[in-house]
Amino acid sequence: MDNDLNFIEDADDPSDENLDDVQVGGSSLAGAVVYNTDWTVETIANQVAKGRIDLTPSFQRRDAWTVQKKSLLIESILLNFPVPPLTLAENGISKTYLVVDGKQRLTAISQYFGLMEGATNNKFKLSGLQELRDINGQNIDGLRESFPQYNTALENYSIRTNVIRGWRRDDVLYSIFLRLNSGSVKLSPQELRQALKPGPFSDFMSDYTQTSEALRAIFPGVEPDFRMRDLELMLRYIGFQFFVDEYRGNLKKFLDFTAQTLNAEWPKYNSVIVQKCAIFESAYKAVVEVFSEDRAFRKWTGSKWESRLNRAVFDVMMFYLRDAGEIGAFKATGVALVAEFQNLCSTNPQFRDAIETTTKSVDAVSWRLGLWGGVLVKFGIIKNEISVTADRVISYEKP
């Protein structure tokens, strides 16, 4: 079952990554070639088994489908029903493939064939089948032994596979990814970023976000958010904490820069990132304590609190709480901060616009951080707020 996401759905949240952040350019698009092929299920399974399709452990753990839904995919194949195509991006050097679209279908097939050792549902047994009830309870071994005709039909089934070759920039894949996922199921570009920006920081973040009490509260559910939006939110937080002066109004580029830099310089940042994660947990609890669970990280409309969390408000609340002293002062000030935030939402058009309409520009980020920082300075919680240079660079120097 999908996680009950508390944030504004991606298509409705102007502060989330979208096509506006992707600047591909004609020359990059001209170099990319998409060709269509029909790979059998057996071929797909072999590609996964040989490590040619990237289904890394962090990728596998973000598993969205139930066993019954996976089983119904296998049943659809056996009934020769059409299955949506896969879209892969070929790495020209290694000749391996990144998954642009079709992660859950690939995961279901790979797990049924027993190719994801250590995964919870590896080599699962079919369940909940309506048309082929005689094979309910069969894993791949049982199917091969007792129903060889079904095993042959499964392995020989062809799935249309779109392969992107010759792409020169990540933006090409982001553009395709965002267009493919503009329908009813909104997926996070963080899934693609994890594949495109591998490294020790990305691995650390994948592990940390699955155990973070704060993130599990924000993205509730039995399993971590399969869309990786918890990971994206944490990357956004880390980016603004360490590299706010690098922000130029393009969220995708900023998050890419953050991931790439921290992966490349992980020995330098390892210990401070671990400390920052501990601060993140304490800061989250402080905001919830002061605002209450049903108001924290939400916008005040003038008459009520919005029901869903808001990423731009999340930026505002978390940015300045950087050590135990500031967190303690924030909690000690208490409900007076709630009234100040409501006043900003109700009476300050710059602040309101920066959390609900134009949220990703340099001006919007500096307005909302600067205005809320002024409130915290007034109450003595912090010493100074952010500043903006003449050439529109955001700066924050903690005394």
> Does atom CD of Q149 have more than 12 heavy-atom neighbours, drawn from other residues, nucleotides or ligands, at distances under 6.0 Å?
Replying inline: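 Yes, CD of Q149 has more than 12 neighbouring heavy atoms, counting only those of other groups under 6.0 Å.
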> Excluding sequence neighbours, so at least two apart, what forms side chain to side chain donor-acceptor pair (under 3.5 Å) with E340?
Replying inline: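 If we apply the side chain to side chain donor-acceptor pair (under 3.5 Å) test to E340, skipping adjacent residues, the hits are K378.
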>> So, using side chain to side chain donor-acceptor pair (under 3.5 Å) as the criterion, who are the partners of Y150 when residues are at least two apart?
In response: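 Y150 satisfies side chain to side chain donor-acceptor pair (under 3.5 Å) with no residue once adjacent residues are dropped.
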Give the minimum heavy-atom separation between [X] and [Y], together with the two atoms involved.
{"X": "S212", "Y": "F280", "result": "OG-CE2, 4.2 Å"}
{"X": "G239", "Y": "T258", "result": "CA-OG1, 3.6 Å"}
{"X": "A354", "Y": "A312", "result": "O-CB, 3.9 Å"}

For the rings on [X] and [Y], is their centre-to-centre separation under 6.0 Å?
{"X": "F319", "Y": "F240", "result": "no"}
{"X": "F124", "Y": "Y112", "result": "yes"}
{"X": "F201", "Y": "Y269", "result": "no"}
{"X": "F314", "Y": "Y237", "result": "no"}
{"X": "W39", "Y": "Y97", "result": "yes"}
{"X": "Y396", "Y": "Y320", "result": "yes"}

> Does E131 reach the side chain of E75, with side-chain heavy atoms less than 4.5 Å apart?
Replying inline: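 A side-chain contact exists here, since the closest heavy-atom pair is under 4.5 Å.
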> Is the closest side-chain donor-acceptor distance between S202 and N263 under 3.5 Å?
Replying inline: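 Short answer, yes.
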